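The structure appears right after this line, and notes come after that.
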Amino acid sequence: MNDKKLAIKILSDAFEDNKSVNLVVKSKSKIPGLMAYSYELAKRRGEVFISDNRKAVALILLSDKNQFSFRIMLESIKLAINVIGLKNLFTVLKRESSIKKFHPNSPYIHLWYIGVEPESFGQGHGTAILDEIIAFAKSMQRDIYLETSVEKNIPFYESHDFENYAKVESDIPFTLMLFRKKSDKAL
């Protein structure tokens with residue numbers, strides 16, 4: 001299986017019951033479309049991490065690589081029409097705007113998605129790939145930001161020294177918890 005198909009499969013399976021993802025797509029059958037778009041965007045504006053054993057995947061975005069491109073604009077329009085749905089687009093844009101209010105103006109890494117194939121959950125694969133991302137962020141001297149709507153993820157992020165610095169509770173039917181890990185600027 002090629003990297004893109006593997007990433008879409010792992011992330012789709014890992015996020016099948018995620019409140020935030022389901023708010024965006026409204027139908028579990030559309031999650032692979034969201035993950036395909038996310039994979040392509042991460043390839044262009046960030047990084048795709050796939051564990052050596054191919055059981056975990058993470059997509060990150062670099063905040064300062066947000067340049068305009070007609071290809072990304074076209075893909076975003078297709079996502080809005082085919083995956084999110086025009087009726088749901090306003091809700092998704094409001095949610096994204098609420099999150100961005102809490103992000104810094106300086107360059108940072110946005111840990112957009114991290115997932116482990118469900119049958120390998122709890123075996124350390126998520127920790128291994130998160131450790132790679134932390135090392136990557138440290139090499140760039142950047143903070144890492146992420147959000148989660150899954151309460152069972154909180155101890156995982158806290159065990160890696162992420163702090164829950166804010167919550168988004170308006171405009172969405174659940175609490176979205178925002179986490180960050182400050183960079184150790186002195187290498």
Side-chain angles (χ1 to χ4, degrees), residues 7 11 14-15 18-25 34-35 37-50 56-69 71-73 75-76 79-80 84 88-115 126-187:
L11 293 172
F15 283 84
N18 182 281
K19 294 177 215 172
S20 189
V21 166
N22 283 294
L23 175 74
V24 171
V25 298
L34 174 64
M35 295 309 168
Y37 168 84
S38 302
Y39 177 90
E40 289 299 328
L41 195 61
K43 293 281 284 183
R44 288 178 176 70
R45 294 186 175 169
E47 295 285 334
V48 174
F49 290 82
I50 299 176
V57 174
L59 306 179
I60 66 165
L61 298 176
L62 302 173
S63 65
D64 56 334
K65 267 187 110 172
N66 201 16
Q67 68 277 10
F68 176 81
S69 116
R71 182 179 173 122
I72 290 174
M73 183 179 74
E75 292 299 319
S76 297
L79 176 77
I84 295 173
N88 196 31
L89 186 59
F90 182 70
T91 301
V92 172
L93 291 174
K94 269 178 91 171
R95 184 195 75 157
E96 291 303 310
S97 177
S98 295
I99 293 168
K100 286 184 182 190
K101 289 177 189 174
F102 291 99
H103 288 173
N105 292 326
S106 58
Y108 63 93
I109 291 172
H110 180 208
L111 176 49
W112 199 10
Y113 292 103
I114 183 170
T127 293
I129 205 159
L130 184 57
D131 287 344
E132 282 185 53
I133 293 165
I134 292 168
F136 178 78
K138 186 174 182 176
S139 75
M140 295 184 76
Q141 296 183 318
R142 292 191 182 196
D143 298 342
I144 304 170
Y145 285 77
L146 65 90
E147 56 277 340
T148 185
S149 60
V150 181
E151 289 187 31
K152 73 178 182 179
N153 290 346
I154 294 171
F156 174 71
Y157 293 122
E158 288 175 340
S159 73
H160 288 86
D161 298 323
F162 281 81
E163 65 171 316
N164 182 202
Y165 71 99
K167 293 178 182 178
V168 174
E169 297 177 298
S170 61
D171 301 324
I172 54 175
F174 51 84
T175 300
L176 195 58
M177 294 153 289
L178 283 65
F179 283 82
R180 71 177 164 215
K181 180 174 178 60
K182 293 290 198 169
S183 170
D184 180 11
K185 302 288 183 191
L187 291 177

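What you are looking at is a predicted structure, and each value in this text was computed from that prediction instead of being measured. Along the sequence shown, residues carry numbers from 1.
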Throw together a table of side-chain donor-acceptor distances under 3.5 angstrom for residues 58-65, partners on residues two or more places apart or in other chains.
residue, atom, partner, partner atom, Å
Ser63, OG, Tyr108, N, 2.8
Ser63, OG, Tyr108, O, 3.3
Asp64, OD1, Arg142, NH1, 2.8
Asp64, OD1, Arg142, NH2, 3.2
Asp64, OD2, Arg142, NH2, 2.8

| query | Looking only at heavy atoms, which two atoms of Leu176 and Leu178 are closest? And how far apart? | reply | O-CD1, 3.4 Å
| message | Can you give me the closest heavy-atom contact between Ile114 and Gly126, atom names plus distance? | response | CD1-O, 3.9 Å
| query | Nearest 0.5 Å, what's the CG-CZ distance between Asp131 and Phe49? | reply | 11.5 Å
| Counting distance only, does the side-chain N/O of Asn164 pair as donor-acceptor with the main-chain N or O of Ala166 below 3.5 Å? | yes
| field | Distance in Å, Leu146 CG paired with His110 NE2, rounded so as to fall on 0.5 Å steps | value | 7.0 Å
| query | Is there a side-chain contact between Phe136 and Ile144, using heavy atoms and a 4.5 Å cut-off? | reply | no
| Roughly how far, to the nearest 0.5 Å, is the CG atom of Leu34 from the CG atom of Leu11? | 9.5 Å
| remark: Heavy atoms of Ser38 and Tyr113 approach each other most closely as OG-CE1, 3.4 Å
| task | Name all residues meeting the salt bridge (Lys or Arg N to Asp or Glu O under 4.0 Å) criterion together with Glu147; count only those two or more places apart in sequence or in a different chain, and write none if there are none. | result | none
| query | Out of curiosity, Phe162 CZ to Lys182 NZ, how far, rounded to the nearest 0.5 Å? | reply | 12.5 Å
| request: Mind checking the CD1-CD spacing from Ile50 to Glu132? Nearest 0.5 Å is all I need. | output: 10.5 Å
| request: Verify, without hydrogens or angle tests, whether Asn88 (side chain) and Leu23 (backbone) share a donor-acceptor contact under 3.5 angstrom. | output: yes
| query | So which pairs with a foot in residues 88-100 pass salt bridge (Lys or Arg N to Asp or Glu O under 4.0 Å), sequence neighbours left out? | reply | Lys94-Asp171
| Taking 4.0 angstrom as the limit, do Arg71 and Glu75 come out as a salt bridge? | no
| Where the side chain of Lys181 meets the backbone of His160, is there a donor-acceptor pair that is under 3.5 Å apart? | yes
| query | Any side-chain heavy atom of Asp143 within less than 4.5 Å of one from Arg180? | reply | no
| How would you list, by chain and number, every residue that makes a side-chain contact (heavy atoms from CB on, under 4.5 Å) with Thr148, sequence neighbours excluded? | Val150, Asn153, Tyr157, Met177, Phe179
| note | Residues passing the ring pair (Phe, Tyr, Trp, His ring centres under 6.0 Å) test with Phe102, sequence neighbours excluded, are none
| message | So which atom in Tyr39 and which in Ala7 form the shortest heavy-atom distance, rounded to 0.1 Å? | response | CD1-CB, 3.6 Å
| query | So, for Ala14 and Gly115, which heavy atoms are closest and what is the spacing to 0.1 Å? | reply | CB-CA, 3.9 Å
| note | The salt bridge (Lys or Arg N to Asp or Glu O under 4.0 Å) partners of Glu47 (sequence neighbours excluded) come to none
| request: Measure the spacing between CD1 of Ile72 and OH of Tyr37 and express it to the nearest 0.5 Å. | output: 7.0 Å
